[in-house]
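Counting from 1, the numbers follow the sequence of the chain as shown. FYI, side chains are in, hydrogens and waters are out, and symmetry mates aren't considered; it's all heavy atoms of this structure. In listed order, ligands and their atoms are each counted from 1.
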Amino acid sequence: MVVVAGALYDRGRLLAARRSAPVELAGRWELPGGKLEPGEGPEETLVRELREELGVEVEPGERIPGEWPLKPGYVLRVWTARLLSGEPRPLEDHDELRWLARHELDSVDWLDQDRPAVAEAALRLPVA
Ligand code: 523
């Protein structure tokens, strides 16, 4: 099972989202996203999940190379994305959102599995 997450960029910052569930992940920060549904391409998943969870429209960009194991049977793949419209709000699955500049990326407690993807995303952070 593939979980797709987005390194969402806006004006030189990366969006971090704090999970509100399940309990074992609550309070940790992630790149927002969700599971690929049958018949969906990963970019479609990303657009749908960020619309549902954050209320924004995004344009997927490139895939960040790599694949990170989650719980058994699940892997995390990450795409960059650009904010097209809307201001992200924590509509479901998250209780706080933060836009982080490059020097702030270590200021939140990322999920372990998201850390390598965040490091790669930071290298691709567009200049504001
Ligand atoms: N992760 C994860 N990092 C990360 C995401 C988006 C997800 O480690 N950046 C893990 C957390 C869950 C699993 O992937 O164990 C599924 O993510 P979830 O719950 O965000 O996927 P949804 O929204 O598709 O799940 P449902 O609520 O079940 O629909």
Side-chain angles (χ1 to χ4, degrees):
M1 281 280 292
V2 176
V3 176
V4 179
L8 182 60
Y9 299 126
D10 186 41
R11 284 169 283 170
R13 296 165 309 161
L14 177 70
L15 189 72
R18 191 171 70 185
R19 288 193 69 108
S20 50
V23 275
E24 62 272 21
L25 304 181
R28 306 286 300 277
W29 294 76
E30 69 173 9
L31 299 172
K35 298 184 197 98
L36 199 77
E37 285 184 355
E40 239 179 12
E43 288 96 344
E44 290 174 274
T45 304
L46 188 61
V47 169
R48 175 181 55 74
E49 289 283 349
L50 299 194
R51 187 183 289 144
E52 289 172 2
E53 295 185 356
L54 309 174
V56 294
E57 296 302 317
V58 308
E59 177 182 57
E62 56 168 334
R63 179 167 166 201
I64 292 183
E67 181 172 272
W68 298 279
L70 301 172
K71 56 193 171 186
Y74 287 81
V75 292
L76 178 66
R77 294 182 183 164
V78 179
W79 268 257
T80 64
R82 191 170 65 85
L83 186 65
L84 290 180
S85 66
E87 182 60 30
R89 288 164 295 145
L91 301 178
E92 39 177 70
D93 297 343
H94 303 109
D95 60 8
E96 195 180 337
L97 303 175
R98 280 188 205 164
W99 286 109
L100 302 176
R102 193 188 305 270
H103 69 277
E104 298 169 319
L105 288 174
D106 288 335
S107 67
V108 301
D109 186 20
W110 294 101
L111 287 171
D112 294 340
Q113 55 271 23
D114 281 53
R115 285 175 194 271
V118 170
E120 286 292 324
L123 299 175
R124 292 166 173 74
L125 202 56
V127 178

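Closer than 4.0 angstrom to ligand 1 lie heavy atoms from V3, A5, R19, L25, E30, L31, G33, G34, K35, E49, E53, L70, K71, L76, D93, L111, Q113, D114.
You'll find the side chain of R19 stays beyond 4.5 Å of the side chain of R28, heavy atoms only. Taking 4.5 Å as the limit, every side-chain heavy atom of L83 sits out of range of all side-chain heavy atoms of R11. Using a 4.5 Å heavy-atom cutoff, the side chains of P42 and V2 are not in contact.
The residues E44 and R48 are annotated as not salt-bridged, no charged nitrogen and carboxylate oxygen being separated by less than 4.0 angstrom.
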Could you give the side-chain donor-acceptor pairs of residues 113-121 under 3.5 Å, partners two or more places apart or in another chain?
{"residue": "D114", "atom": "OD2", "partner": "L31", "partner atom": "N", "Å": "2.9"}
{"residue": "R115", "atom": "NE", "partner": "W110", "partner atom": "O", "Å": "3.4"}
{"residue": "R115", "atom": "NH2", "partner": "D109", "partner atom": "OD1", "Å": "3.0"}
{"residue": "R115", "atom": "NH2", "partner": "W110", "partner atom": "O", "Å": "3.0"}
{"residue": "E120", "atom": "OE1", "partner": "R124", "partner atom": "NH1", "Å": "2.9"}

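Grouping the Ile, Leu, Val, Met, Phe, Trp and Tyr side chains by contacts below 4.5 angstrom, directly or via other members, places M1 with V3.
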